[in-house]
Participant: 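One structure, as structure tokens, below. Some questions next.
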Amino acid sequence: MVATHDDFGLVINQRTLKSPIAIASMAGIVDAPYVLSRAAHIGMGFIGGYSIDSKTIAASRQMAAEGRSEFLLDNPIEELDRQIKLMNGSDVVLGINLRGSSPTAFHQVADSFGHSVIYEIDAHCHQLPMVEAGAGEYYLEHPDSLGSVVHELKRADVTVSVKIRAGVSASDPLLAKKIWKAGADIIHIDLMDYGNSRLKQIRNACPVMLIANNSINTFDRMMEMFSHGADLVSLARRSDRETLAGLDAAITRYADDYGWYNAPKQLCRGGDVRSLTFCCMPIKKCPLTLQLKTAGLNRDEYIALKTSAVKGTPLENGQFTCFGSMTWCCKATSPCMLRDATLEREGLSKQDYMKLKRHLSEKIVHYVFDELNHDDED
Ligand SMILES: Cc1cc2nc3c(=O)[nH]c(=O)nc-3n(C[C@H](O)[C@H](O)[C@H](O)COP(=O)(O)O)c2cc1C
């Protein structure tokens with residue numbers, strides 16, 4: 001249900017996202033009117049969190065009594081129905097952030113709303129009453145329970161996001177891998193203070209859509225996330241119209257100028273698994289050796305994979321480049337006369353080149369995660 005295409009290349013529930021900027025949920029604050037009033041600048045919005053069963057509703061009441069802002073509901077399905085209907089006709093893809101203590105509770109919500117929304121499991125809330133109710137951060141401590149909820153939602157054949165907080169699980173990359181293997185489509189990560197290195201580790205562990213979150217309020221911070229593996233970035237506390245509008249305008253311009261809005265850094269400059277699209281032939285000891293090992297690819301497989309992936313595309317050409325084909329050429333922002341001369345001869349713009357490199361990277365990622373067997377690393 002999650003696919004990639006041109007422009008921002010983000011398609012969810014058969015809807016194209018107009019922006020890779022999202023609003024992250026804030027209980028008691030982010031509802032449909034909040035998202036609609038910022039709709040011009042975002043592609044996705046997560047409303048909630050909504051507590052959906054008796055245990056979590058009781059936890060919300062306790063948290064509210066202690067001074068937290070909460071949506072206090074006797075009938076969450078009725079309220080969610082009202083909120084979802086308010087979003088009808090909007091071009092923002094809607095996610096509902098849910099606190100539930102059993103797979104059945106989540107399934108009941110999915111039965112009510114089907115494919116109209118993304119179902120986001122709140123595995124993030126660390127308030128004690130919620131954790132004691134068996135929801136929120138409880139799931140980070142009990143990944144098998146989290147897996148059961150993901151499974152149950154996938155049985156209902158809906159799009160599933162899991163909102164996590166970095167640094168709680170003993171290993172975030174391993175947790176991400178489990179969430180992916182359980183069937184989730186999206187991992188929404190509050191990176192706390194762990195930053196882009198943690199994001200890169202998660203990107204290298206799973207192929208699902210990643211939403212990076214926490215203090216992503218400036219262009220530089222947003223680009224740091226996009227170049228280390230994020231497909232989207234989300235904002236909560238600073239999701240005011242001015243900040244969202246600035247980030248949205250900047251990333252739209254960047255995508256037009258460079259062709260691939262979330263292109264990774266080159267591997268030798270700290271890139272992630274997607275960076276293999278820019279790597280040259282393995283000829284010396286360099287970060288490529290380690291990345292191939294991590295990905296479970298040997299040298300010959302890597303060469304065969306990239307060579308077959310570009311067959312019939314313009315990247316196959318380039319006899320005057322270092323390795324005789326643009327398959328092995330680097331990022332358009334790295335200066336190279338040989339590559340640029342080839343692009344000119346082929347009638348390709350740098351944006352076209354980066355789009356082709358993006359497609360190559362998607363094929364590499366698909367092969368590494370979906371065709372190679374990773375089970376022995378669990
Ligand atoms: C008042 C408040 C309420 C929040 N409620 C939720 C929630 O219900 N579910 C959830 O997954 N995250 C919740 N969060 C976390 C935010 O979605 C986000 O992860 C966090 O604020 C960091 O992002 P930011 O720096 O953009 O604010 C809440 C945050 C705040 C400040």
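The first residue in the sequence is number 1, and the count goes up from there. Order of appearance sets the numbers: ligands from 1, and atoms from 1 within every ligand.
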Participant: Provide, to 0.1 Å, the distance between atom 1 (C) of ligand 1 and the closest protein heavy atom, together with that atom's residue and name.
Facilitator: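 Among all protein heavy atoms, the one nearest atom 1 (C) of ligand 1 is Ile29 CD1, 4.1 Å.
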
Participant: Going by atom types alone, do Asp272 and Asn204 pair a side-chain donor with an acceptor below 3.5 Å?
Facilitator: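 No pair is found: no donor N or O on one side chain lies under 3.5 Å from an acceptor on the other.
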
Participant: With the 4.5 Å side-chain cut-off for hydrophobic clustering, are Leu315 and Ile303 part of the same group?
Facilitator: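 Hydrophobic grouping puts Leu315 with Ile303.
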
Participant: For atom 28 (C) of ligand 1, state which one of Ser25, Ala236, Ala123, Ala212 supplies the nearest heavy atom.
Facilitator: Ser25

Participant: Do other residues, nucleotides or ligands put more than 12 heavy atoms under 6.0 Å from Lys178 NZ?
Facilitator: no

Participant: Test side-chain hydrogen bond (donor to acceptor under 3.5 Å, both in side chains) on Ser169 and Asp172 and set out the steps.
Facilitator: CA-CA 6 Å; Ser169 165; Asp172 287 321; 4.5 Å; no

Participant: Which is closest to atom 19 (O) of ligand 1 in terms of heavy atoms, Asn213, Asn97, Val233?
Facilitator: Asn213

Participant: Below the 3.5 angstrom mark, is there an N/O of Asn217, backbone or side chain, next to an N/O of ligand 1?
Facilitator: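 No: no nitrogen or oxygen of Asn217 is under 3.5 Å from one in ligand 1.
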
Participant: Minimum distance, heavy atoms only, to atom 12 (N) of ligand 1: which one of His188, Lys163, Met63, Glu70 is it?
Facilitator: Lys163

Participant: Taking the side chain as every heavy atom from C-beta outward, state whether Pro207 and Trp180 have any pair of such atoms under 4.5 Å apart.
Facilitator: yes

Participant: Among protein heavy atoms, which lies nearest atom 29 (C) of ligand 1, and at what distance?
Facilitator: Met26 CG, 3.8 Å

Participant: Under 3.5 Å, is there a donor-acceptor pair linking the side chains of Thr159 and Asp185?
Facilitator: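 Not at all, the side chains of Thr159 and Asp185 share no donor-acceptor pair under 3.5 Å.
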
Participant: So which heavy atom in the protein is nearest atom 15 (C) of ligand 1, and how far is it from that ligand atom?
Facilitator: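 Nearest protein contact, heavy atoms only, for atom 15 (C) of ligand 1 is His124 CE1, 3.5 Å.
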
Participant: Report, in ascending order of atom number, the atoms of ligand 1 lying under 4.0 Å from any heavy atom of Ser215.
Facilitator: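 Counting atoms of ligand 1 from 1, those under 4.0 Å from Ser215 are 24 (P), 25 (O), 26 (O).
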
Participant: Nearest 0.5 Å, what's the CD-SG distance between Gln291 and Cys268?
Facilitator: 11.5 Å

Participant: Below 3.5 angstrom, do we get any N/O pair linking Asp122 and ligand 1?
Facilitator: yes

Participant: Decide whether an N or O pair under 3.5 Å exists between Gly48 and ligand 1.
Facilitator: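 For ligand 1, there is no N or O atom that lies under 3.5 Å from one belonging to Gly48.
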
Participant: Heavy atoms only, cut-off 4.0 Å: how does Arg237 contact ligand 1, side chain, backbone, both, or neither?
Facilitator: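 It is both parts that get close, each with some atom under 4.0 Å.
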
Participant: Would you say Arg68 and ligand 1 have an N/O pair spaced under 3.5 Å apart?
Facilitator: no

Participant: Numbering the atoms of ligand 1 from 1, which are under 4.0 Å from a heavy atom of Leu235?
Facilitator: 26 (O)

Participant: In this structure, would Leu372 and Leu276 fall into the same cluster of hydrophobic residues linked by side-chain contacts under 4.5 Å?
Facilitator: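 Yes, it is one cluster - the side chains of Leu372 and Leu276 are joined through contacts under 4.5 Å.
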
Participant: Tell me: protein heavy atom nearest atom 8 (O) of ligand 1, and distance?
Facilitator: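 The closest heavy atom on the protein side is Gly49 N, 3.0 Å.
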
Participant: Pairs of nitrogen or oxygen atoms closer than 3.5 Å, one from Ser69 and one from ligand 1: do any exist?
Facilitator: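 In this structure, Ser69 places no N or O atom under 3.5 Å from an N or O of ligand 1.
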
Participant: Please check: side-chain N/O of Arg99 versus main-chain N/O of Ala59, any donor-acceptor pairing under 3.5 Å?
Facilitator: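 A pair under 3.5 Å: no.
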
Participant: Hey, does Ala27 come in under 3.5 Å of ligand 1, counting only N/O atoms on both sides?
Facilitator: yes

Participant: Within this structure, what is the OG-NZ distance for the pair Ser171 and Lys177, rounded to the nearest 0.5 Å?
Facilitator: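 The OG atom of Ser171 sits 9.5 Å away from the NZ atom of Lys177.
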
Participant: Examine ligand 1 and decide if any of its atoms is less than 4.0 Å from a heavy atom belonging to Arg99.
Facilitator: yes

Participant: Take the angle between the ring planes of Tyr261 and Phe226 and call it parallel below 30°, perpendicular above 60°, tilted in between.
Facilitator: perpendicular

